[in-house]
Amino acid sequence: MRVRSPVSPEPGELRSRMVEQQLRCRDVVDERVLAAMERVPRELFVPKRLQGRAYDDAALPIGEGQTISQPYMVARIAEALDLTGGERVLDVGTGSGYQAAVLAELGSYVDTIERIPVLAEQARANLDAAGYERVRVHVGDGSQGFPARAPFTAIAVAAAAPELPRTLYEQLEPRGRLVVPVGRRGVQQLQVIIHSPEGPAVLRSVPCRFVPLLGEEGF
Ligand code: SAH
C-alpha cells in the first residue's frame, strides 16, 4: 500500500491561522493591521532553512545574532502607530525588513535604518522579492533617527533602548507617535509615546523583550 505524505499547508493558510490564533485571539483588534499581517509573506523574510517555521509564534534568528520579531510584536507595533495611509514612517532596526513591509502594506512611505550592512542588504533583497520596492533601506545608527527625511508622522523601534531616545522623539511631527521598547537588557516595556506641546506623553506601555538598540542613544 502506498503511504501518502501529508501535504504541508500553503503559506496563505498558515498566515490566516497566524492572524486568528496569534493576533485576533489575543488583543490585536485593528482590522487594517490584521489585513496587512494577512498579506505580507513572512516566509520571504526568514532564512531558507527556517521557512517551515515562518508562521511560528516566535522570533527567529536571521544571522548576526539578530532576530525577526515575533508576529504578535510586529502587529502590536503597527497597531500602536495608528496609521491610516500616506504617513511618513521611520522604522529603526530593519533586521529582516518584515516590520517595514507591514508598515508599507498599511500605506505608509517607509524609511528603514539598520546598523549591520549585511542585514540591510538582505532586507533589501527580501523586500524586493516580496514586492515592496518602495521601502527605502538605509545603513547607519538609527538611534540618531534619519535627519535627512525628518520629521516623521510615526517612528517604530524594534530594539530596546535604555531610556526614551530623545533624538528620535525630536524627529516626530507634532502629535506624531513613537513606539519603542524601553528598559533593561532582557526585559522592557513597549512604550507608545506622543509628541505633544508639553513634551513626551506616554500613552501606554506593555511588557516585551527585544534585542538591544546599540549606538549613540542605545546601550
Ligand atoms: N523589525 C525587524 C526586527 C529586527 S531585530 C524585523 O522585523 O525583522 C532589531 C534590529 O535592530 C537588528 O537587526 C539590529 O541590528 C538593529 N539595531 C540595533 N541597534 C541599532 C541601531 N542603533 N541602528 C539601527 N539598527 C539597529
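For ligands, and for the atoms within them, numbers begin at 1 and follow the listed sequence.
The ligand atoms of ligand 1 that sit less than 4.0 angstrom from a heavy atom of Leu119 are 13 (O). Under a 4.0 Å criterion applied to the non-hydrogen atoms of Tyr98, ligand 1 contributes the atoms 7 (O). Atoms of ligand 1 lying under 4.0 Å from any heavy atom of Ser143, numbered from 1 in the order shown and given with element: 22 (N). Which parts of ligand 1 touch Ile68 is read off a 4.0 Å heavy-atom cut-off, strictly below it: atoms 8 (O). Close approach of ligand 1 to Gly140 (heavy-atom distance below 4.0 Å) involves ligand atoms 23 (N), 24 (C). The ligand atoms of ligand 1 that sit less than 4.0 angstrom from a heavy atom of Val211 are 5 (S), 9 (C). Which parts of ligand 1 touch Ile116 is read off a 4.0 Å heavy-atom cut-off, strictly below it: atoms 15 (O). Listed by atom number, the atoms of ligand 1 under 4.0 Å from Ile113 heavy atoms are 24 (C), 25 (N).
Judged by a 6.0 Å distance limit and a 45° cone about the ring axis, Arg17 is not positioned over the six-membered ring of Tyr55.
In this structure, the protein non-hydrogen atom closest to atom 18 (C) of ligand 1 is Pro212 O, 3.7 Å. In this structure, the protein non-hydrogen atom closest to atom 13 (O) of ligand 1 is Glu114 OE1, 2.7 Å. Looking from atom 5 (S) of ligand 1 to the surrounding protein, the closest heavy atom is Thr67 O, 3.1 Å. Nearest protein neighbour of atom 25 (N) of ligand 1, counting heavy atoms only, is Arg115 N, 3.3 Å. Scanning all protein heavy atoms for the shortest distance to atom 12 (C) of ligand 1 gives Gln66 OE1, 3.2 Å. The protein atom (non-hydrogen) at minimum distance from atom 7 (O) of ligand 1 is Gln99 N, 3.3 Å. Ala158 O, 3.5 Å is the protein heavy atom nearest to atom 9 (C) of ligand 1. The nearest heavy-atom contact from the protein to atom 8 (O) of ligand 1 is Ser96 OG, 2.6 Å.
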Test side-chain hydrogen bond (donor to acceptor under 3.5 Å, both in side chains) on Glu114 and Thr94; report intermediate values, then the result. CA-CA 5 Å; Glu114 169 59 52; Thr94 314; 4.7 Å; no

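Interatomic distance, CZ of Arg42 versus CD of Gln51, reported as 12.0 Å (0.5 Å rounding).
Taking a cutoff of 4.0 Å between a charged side-chain nitrogen and a carboxylate oxygen, Asp111 and Arg88 do not qualify as a salt bridge. Under the 4.0 Å criterion applied to side-chain N and carboxylate O atoms, Glu105 and Arg32 are not assigned as salt-bridge partners.
Connectivity analysis of hydrophobic side chains (ILVMFWY, heavy atoms under 4.5 Å, direct or indirect) links Phe146 to Leu90, Val92, Ile113, Phe152, Ile155, Val157, Leu164, Leu168, Tyr169, Leu172, Leu178, Val180, Val182, Ile193, Val202, Leu213.
No heavy atom of Gly218 sits closer than 4.0 Å to any atom of ligand 1.
Considering only heavy atoms from C-beta on, Gln122 stays 4.5 Å or farther from Ile62 through its side chain. The closest side-chain heavy-atom distance from Asp128 to Glu133 is below 4.5 Å. Within the 4.5 Å cutoff, side-chain heavy atoms of Arg177 are placed close to those of Leu203. Val29 places a side-chain heavy atom less than 4.5 Å from the side chain of Glu79. Residues Ser16 and Glu38 are in side-chain contact: their nearest non-hydrogen atoms beyond the backbone lie under 4.5 Å apart.
For atom 1 (N) of ligand 1, the choice among Gly145, Gly63, Ala101, Gly93 with the nearest heavy atom turns out to be Gly93.
Residues Val118 and Leu214 are members of separate hydrophobic clusters, defined by side-chain heavy-atom contacts under 4.5 angstrom among Ile, Leu, Val, Met, Phe, Trp and Tyr.
Side-chain contact annotation: Asp91 with Tyr98, donor-acceptor N/O pair under 3.5 Å absent.
Between Val92 and ligand 1, a contact under 3.5 Å exists for no N or O pair. At least one N/O-N/O distance between Gly142 and ligand 1 falls below 3.5 Å.
Contacts of Thr94 with ligand 1, taken as heavy-atom pairs under 4.0 Å, involve the backbone alone.
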